[in-house]
Amino acid sequence: MLSRESVNSASSGFWMKSIGHLVVLSSLFCLISGYSERDRVNDLMSRYPLIDGHNDLALQLRILHNNRLSQVDLYNISKVSTDITRLQAGHVQAQMFAVYVLCRAQDKDAVRLTLEQIDVIRRMCTEYQDFELVTSAEELRNSEMRHKIACLISIEGGHSIDSSLPALRMFYQLGVRSMTLTHSCNTPWAESSSKLYNVFQRQNNSLTHFGKAVVEEMNRLGMIVDLSHTAWDTASAALKHSKAPVIFSHSSSFSVCSHGRNVPDWLLLDLKKNRGLIMVNIHNNFVSCSNKANISHVADHFDHIKKVIGAESIGIGGDFEGAVGFPQGLEDVSKYPALIQELLLRNWTENELADVLRKNFLRVFEEVERVRDQLTMNRPSEFQIALEEVQNPCRLVLRPPSPRGSSHQSPSSGAQHEPKVMLILAIVLLLSSLLMFE
Ligand SMILES: *[C@@H]1O[C@H](CO)[C@@H](O)[C@H](O)[C@H]1NC(C)=O
Ligand SMILES: *[C@@H]1O[C@H](CO)[C@@H](O)[C@H](O)[C@H]1NC(C)=O
Ligand SMILES: *[C@@H]1O[C@H](CO)[C@@H](O)[C@H](O)[C@H]1NC(C)=O
Ligand SMILES: [Zn+2]
């Protein structure tokens, strides 16, 4: 038999214990849920690892090591934010590596420098087992199953082709699968968002006749047209002209931060119609319009762009190594999970994030390849830019020998007769050899 008192004390003890258990349980639950948030991100990113649109590691290899790859351990590179160890930690499964040569090389040795940057990326991606150079959407998909980090090569700045479609084609042969039409300088055929360089300024013609031929040839080859860095008018003209979806590989929203490198809503709507992709740039100046930013600022761009054109048009193009100043909590490529966690907290669904992380890019790349396959009947374009438009004194121009009857016979004009003499000699030799055979 229990006395009333002992019943009371037993029941109060029971409640005390229960409350104690509850406290322990709830703090345990917090701990578990804290972990599960991170686990959820890791699980999501393991299933849908990131394809990142833009990284300038090759530029840093040039600046810091003059492209001497033997001096660098790609698993642990100091003074940069990108190496294999951190790419793996950040679930970055594919990286578009930018081939960037300074605008000052335009009309000088831009093509040589471009070749050298392609070389260093190709070396990087073939000499290290964890990297794999890929040139098609299928290879990109396969590289994930092989647990490799896929490298895609992308030229940053149309000045790299020196206004030559044959040069563009040869870069494709070397593995280049995308190109921004400009960097911070105008080319003779497309306009930049930046007015930093006073070159090739023109009116009302932000994508010239030749510029349109470049876009067409990229469509024909299956090279992705990248509009980051171009003037809005150029981007708008290219969007109208391209038969395939295009990308902004590393640009953010102008509505959220009014920087000229960002994309205004009206242009985003054109991009949606084109089924293209904007891969959000996370550099401080482009996300917060100041030299300080955090993950909230970056997430605001994702929220806004989703509101305007939907998650199916969004990707990520970090721009690491191409700029100084990255948001608190997103200081290097290993930190991408923090961004995905923030978007999950903002009620982005796992399907939307799978699209953003990789499915949108794969869709665009596949569509670019499909357009290429539809254009196989088209011959390589022989369109040439007019010399007056290039204004490049370094160009060697080969012309046929001038026609006879030139009024000014220079002292060296005797040399011009040499080919004719050689031709006559060749004909005589040919005729005599024919006669001999008879
Ligand atoms: C990377 O190299 C530095 C020395 O350059 C060293 O201090 C650091 O521990 C290395 N990090 C890793 C992850 O190996
Ligand atoms: C450019 O457009 C403006 C009006 O937008 C016009 O006044 C000007 O003549 C045009 N220039 C050229 C070269 O077509
Ligand atoms: C980011 O900075 C803004 C102020 O600029 C602040 O309101 C916000 O709480 C910060 N977010 C994070 C995640 O620190
Ligand atoms: Zn850039």
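Residue numbers run from 1 in the order of the sequence given.
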Give a yes or no on whether the backbone of [Y] and the side-chain of [X] come within a donor-acceptor separation of less than 3.5 Å.
X      : Y      : value
Ser46  : Asn42  : yes
His159 : Ala110 : no
Arg358 : Pro49  : yes
Ser143 : Leu140 : yes
Arg220 : Thr376 : no
Glu369 : Glu367 : no
Asn360 : Ala311 : yes
His147 : Gln93  : no
Ser193 : His229 : yes
Asn274 : Val246 : yes

Strictly by modelled atom types, are [X] and [Y] linked by a side-chain donor-acceptor pair under 3.5 Å?
X      : Y      : value
Ser252 : Asn281 : no
Asn186 : Glu191 : no
Glu139 : Thr135 : yes
Ser296 : Glu342 : no
Ser251 : Arg261 : yes
Gln117 : Arg62  : yes
Ser290 : Asn285 : no
Asp355 : Tyr48  : no
Ser164 : Asp162 : no
His297 : Asn294 : yes

Do [X] and [Y] touch side chain to side chain, with heavy atoms closer than 4.5 Å?
X      : Y      : value
Arg141 : Leu362 : yes
Glu116 : Leu113 : yes
Arg68  : Leu61  : no
Leu357 : Arg47  : no
Trp348 : Asp303 : yes
Leu64  : Val80  : yes
Phe97  : Phe131 : yes
Thr182 : Thr180 : no

Passes side-chain contact (heavy atoms from CB on, under 4.5 Å), Met179 versus Leu168? Steps please. CA-CA 9 Å; Met179 181 175 80; Leu168 175 72; 3.9 Å; yes
Determine the minimum heavy-atom distance between [X] and [Y], stating which atoms define it.
X      : Y      : result
Asn284 : Ala293 : OD1-CB, 3.3 Å
Pro188 : Thr208 : O-CG2, 3.8 Å
Thr234 : Ser206 : OG1-O, 2.9 Å
Arg86  : Ser81  : NH1-CA, 3.7 Å
Leu227 : Thr230 : O-OG1, 2.7 Å

Working to the nearest 0.5 Å, report the span between [atom1] of [X] and [atom2] of [Y].
X      : Y      : atom1 : atom2 : value
Ser288 : Lys292 : OG    : NZ    : 10.0 Å
Leu174 : Thr114 : CG    : OG1   : 10.5 Å
Glu366 : Ser136 : CD    : OG    : 9.5 Å
Ile161 : Thr187 : CD1   : OG1   : 7.5 Å

Can you confirm whether or not the ring centre of Phe254 sits under 6.0 Å from the ring centre of His259?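 Centroid separation for Phe254 and His259: 6.0 Å or greater.
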Between Trp189 and Phe200, does the ring centre distance come in under 6.0 Å? no
In sequence, state the C-alpha distance, the side-chain angles, and the governing distance for Arg363 and Glu312, and then conclude on side-chain contact (heavy atoms from CB on, under 4.5 Å). CA-CA 10 Å; Arg363 184 201 75 230; Glu312 67 277 13; 4.2 Å; yes
Decide side-chain contact (heavy atoms from CB on, under 4.5 Å) for Val92 and Leu50; before the verdict, give the C-alpha distance in whole Å, the side-chain angles of both, and the deciding distance to 0.1 Å. CA-CA 5 Å; Val92 182; Leu50 175 63; 4.1 Å; yes
Decide, yes or no, whether a salt bridge links [X] with [Y] under the criterion of side-chain N to carboxylate O below 4.0 Å.
X      : Y      : result
Lys212 : Glu216 : no
Arg40  : Asp43  : no
Arg370 : Asp373 : no

Could you check Lys273 against Asp270 for salt bridge (Lys or Arg N to Asp or Glu O under 4.0 Å), going step by step and ending with a plain yes or no? CA-CA 5 Å; Lys273 260 182 253 154; Asp270 284 354; 3.7 Å; yes
For Lys306, which residues count as a salt bridge (charged side-chain N to carboxylate O under 4.0 Å, His left out) partner, sequence neighbours excluded? Glu352
Heavy-atom count check: over 12 atoms from other residues, nucleotides or ligands less than 6.0 Å from Gln129 CD? no
Should the heavy atoms of other residues, nucleotides or ligands under 6.0 Å from CD of Gln384 be counted, would the total exceed 12? no
Does Arg346 make a cation-pi contact with Phe302 (under 6.0 Å, within 45 degrees of the axis)? no
Pair listing, ring pair (Phe, Tyr, Trp, His ring centres under 6.0 Å) test, anchored in residues 49-78, at least two apart: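 Listed once each, the pairs are His54-His250, Tyr75-Tyr128.
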Could you work out, with ring-ring contact (aromatic ring centres under 6.0 Å, His included) as the rule, every residue matching Tyr197, not counting sequence neighbours? none
Of Phe286, Tyr336, Phe320, the residue whose pairing with Phe326 passes ring pair (Phe, Tyr, Trp, His ring centres under 6.0 Å):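 Between Phe326 and the candidates, ring pair (Phe, Tyr, Trp, His ring centres under 6.0 Å) is satisfied uniquely by Phe320.
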Salt bridge (charged side-chain N to carboxylate O under 4.0 Å, His left out) partner of Glu217, chosen from Arg379, Arg372, Lys243, Arg169: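 Of Arg379, Arg372, Lys243, Arg169, salt bridge (charged side-chain N to carboxylate O under 4.0 Å, His left out) with Glu217 is met by Arg169 alone.
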Please determine whether side-chain hydrogen bond (donor to acceptor under 3.5 Å, both in side chains) holds for the pair Asp226 and Ser178, giving the CA-CA distance in whole Å, both sets of side-chain angles, and the decisive distance to 0.1 Å. CA-CA 6 Å; Asp226 185 350; Ser178 98; 4.6 Å; no
Once you measure the plane-to-plane angle for Tyr100 and His183, does it fall in the parallel (<30°), tilted (30-60°) or perpendicular (>60°) bin? tilted
